[in-house]
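Here the structure is laid out as C-alpha cells; the discussion comes afterwards.
Fair warning: this is a prediction, and the values are worked out from it, not measured in the lab. Numbered from 1 within each chain, the chains take letters A, B, ... in sequence-line order.
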Amino acid sequence: MCGRVRCTLHVHQVARACGLTSGDDASSLPARQMDRYRPSYNVSPGACLPVVRKAAVGEEAAPAIHCMKWGLVPSFTKKTDKPDHYKMFNARSESIKEKTSFRRLLPTNRCLVAVEGFYEWKKDGSKKQPYYIHFEDQRPLVFAALYDSWSNSEGEILYTFTILTTRCSAALEWLHDRMPVILGNKDSIDIWLNSCAMNFEAVLRPYEGPDLVWYPVTPAVGKRSFDCPECIKEIQLKPTGDKLISMFFTLKPAAADQSEKGGTQKPSSELSQTHYSTCSVKGEHLSNEYEEPKKDEKTVQSDDFASPKMETGQQEICGIKREFEEITADYKPKVENISSWPCSPAKKKERTTKNAGERQASLLSYFGKK
DNA sequence: CCAGACGTTGTT
DNA sequence: GTCTGG
DNA sequence: CCAGACGTTGTT
DNA sequence: GTCTGG
C-alpha cells in the first residue's frame, strides 16, 4: 500500500518528472489551484499534491498540473456526506477494471503523481518500523493515479485522486506485500497518461529496478504533524537477537546473503537495504519497468526484461518515447531549498548499492558505531 | 422495479 | 454514474 | 493506513 | 484489543 509520501518537489520538477516540459520554465504550464500545495516530508491522505492530468474536455490540448486532494471522493458521493479521504486513497490496479468506483475513471481520468519517496511500515508483531523508499539517484517517483471531482452542497468542486497499487517487487517483499505503481520510464508515463486505448495493463506492475532503494527512519514519521527533514534521515536499527546470533556463528555473512538470492526467504535485512542489495544479481535485469540509463538505447525495451509483452500496436505508442534521461537529467536532491523547517537538515549519507557490501561486511557494524 | 453499495489495508 | 441484491 | 482514545454519574 | 478520527 502507499499511505504516506514525501513531496517537497517544486512544480516544475513535478512537470518535468511527468514529461510535461523540456526546460525549467513552468510559467506556461496550465496550473490549477497550486496555491494549495504545501511541500511536505510527511504527506498523508487528505492533503493536496500536484497532479498531472490530461486536459479536461474543452480546455487546451496539453496536459495540466492540478493541485488535488489525496483520497478519492467519487463524483456520486452524496452532496451532504462528509468526504472521507481515507476510504479510497489506494486502488488495487488488479481490479480497477471491475470496481465500479474506478472503472468509470479509466477512460478519461488517469493522472500522475510525482514524489521523492514514500514510507512503508514493517510490522514485527506489535512493533512497527517505518522505512523510506526512493530512487537511488534522487529522481522523483511517478505514480499511476486516478482522479475525480465532486460537488458538495455548497456547490464547491473538490478534486481528489487515488494512487494505484500492485503486488510488491521481489526486492521489497520482505517489507510489504503491496507497493504503489511506479511508472519507471517515459514510455510507461506516456501510456498511462496519454494512451486513448485501454492498453495500460502492461505498465501496472511492480517496479523491479535495482535503483529503488530504502532505509529505516524514525518512528516519529508516523505522526502526521512530524514534518521535517528528519523524516527521511536514516536511523540505525537495533539488531534483533537472532541476527546477533547468526552473526556470531556465520563466518562469511555475505555468502549467507547470497544463498537467499532468488529464494523465497526474506532477506534478513531490515537493518538496511544495502544488506539485501548484495543479493541481487549483477547485470541481471529484474524489471519490466526499469530502463537502463543508456544514451544510445533507442528501442522500447530489450526483450530480455521487457516482460509482459507489448502487442504490436502498443509499440507504436512507445515510439513516442524520448530518452528518460532527458527528463530526469537535472534532478538534484534539494532538501535544503525549503528554508523554514523546524528540524535540523538531514545529512543523508552517500550510500550506494556498490559500497553496500562493505558496510555490512563488518561484524562491528551490527553493534552500531560507537 | 427500488435501495443500497460503490474501497484498501492488514491480521490471524 | 452504475451495478448488485431483494 | 497510523494515532489515539477507550466512561458514567452527578454536581456546580 | 478495537474503534474513531485524521
Within the structure shown, what part of the strands sits under 4.0 Å from [X] by heavy-atom distance: base, sugar-phosphate, or nothing?
| X | answer |
| --- | --- |
| A:Gly222 | sugar-phosphate |
| A:Thr165 | sugar-phosphate |
| A:Ser75 | nothing |
| A:Lys223 | sugar-phosphate |

Expressed as a whole number of angstroms, how long is the span from [X]:[atom1] to [N]:[atom2]?
| X | N | atom1 | atom2 | result |
| --- | --- | --- | --- | --- |
| A:His85 | B:dC6 | NE2 | P | 19 Å |
| A:Phe161 | B:dG7 | CZ | P | 19 Å |
| A:Glu98 | C:dT4 | CD | P | 11 Å |
| A:Phe76 | C:dC3 | CZ | C1' | 10 Å |
| A:Asn90 | B:dT9 | CG | P | 5 Å |
| A:Lys128 | B:dT9 | NZ | P | 16 Å |
| A:Lys99 | B:dC6 | NZ | C1' | 9 Å |
| A:Arg178 | B:dG7 | CZ | P | 14 Å |

If the [atom1] atom of [N] is compared with that of [M], how far apart are they to the nearest Å?
| N | M | atom1 | result |
| --- | --- | --- | --- |
| B:dT9 | D:dC2 | P | 12 Å |
| B:dG7 | D:dA3 | P | 27 Å |
| D:dG10 | E:dC3 | P | 28 Å |
| B:dT12 | E:dG1 | P | 8 Å |

| request: Measure up the A:Phe161 and A:Trp70 rings against each other and bin them: parallel (under 30°), tilted (30 to 60°), perpendicular (over 60°). | output: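 Correct class here is parallel.
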
| query | Under 30°, 30 to 60°, or over 60°: which ring-plane class applies to A:His12 and A:His10, parallel, tilted or perpendicular? | reply | parallel

If the cut-off is 4.0 Å, is [X] near the phosphate of [N], judged by side-chain N/O to OP1 or OP2?
| X | N | value |
| --- | --- | --- |
| A:Arg224 | E:dG5 | no |
| A:Arg103 | C:dC3 | yes |
| A:Ser95 | B:dT8 | yes |

| Hey, do the aromatic rings of A:His134 and A:Tyr215 have their centres closer than 6.0 Å? |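 Yes, the ring of A:His134 comes within the 6.0 Å limit of the ring of A:Tyr215, centre to centre.
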
| said: For the aromatic rings, using the six-membered ring if either is Trp, is the centroid distance between A:Trp192 and A:Phe200 under 6.0 Å? | reply: yes

| Does B:dG4 have a Watson-Crick or wobble mate here (both distances under 3.5 Å), and if so which one? | C:dC3

| task | Check every atom of B:dT8, D:dC2, C:dC3 against the side chain of A:Thr100 and return the nucleotide holding the closest atom. | result | C:dC3

| Residue A:Lys87, side-chain heavy atoms: nucleotide from B:dG7, D:dA3, B:dT9 that is nearest | B:dG7

| task | Given salt bridge (charged side-chain N to carboxylate O under 4.0 Å, His left out), test A:Glu94 with A:Arg205 step by step and report yes or no. | result | CA-CA 9 Å; A:Glu94 298 93 333; A:Arg205 1 185 81 277; over 6 Å; no

| Can A:Trp121 be said to stack with the base of D:dC2, given centres closer than 5.5 angstrom and planes under 30 degrees apart? | no

| query | Would A:Lys97 and A:Glu201 pass as an ion pair if we require N to O under 4.0 Å? | reply |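 Yes, this pair counts.
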
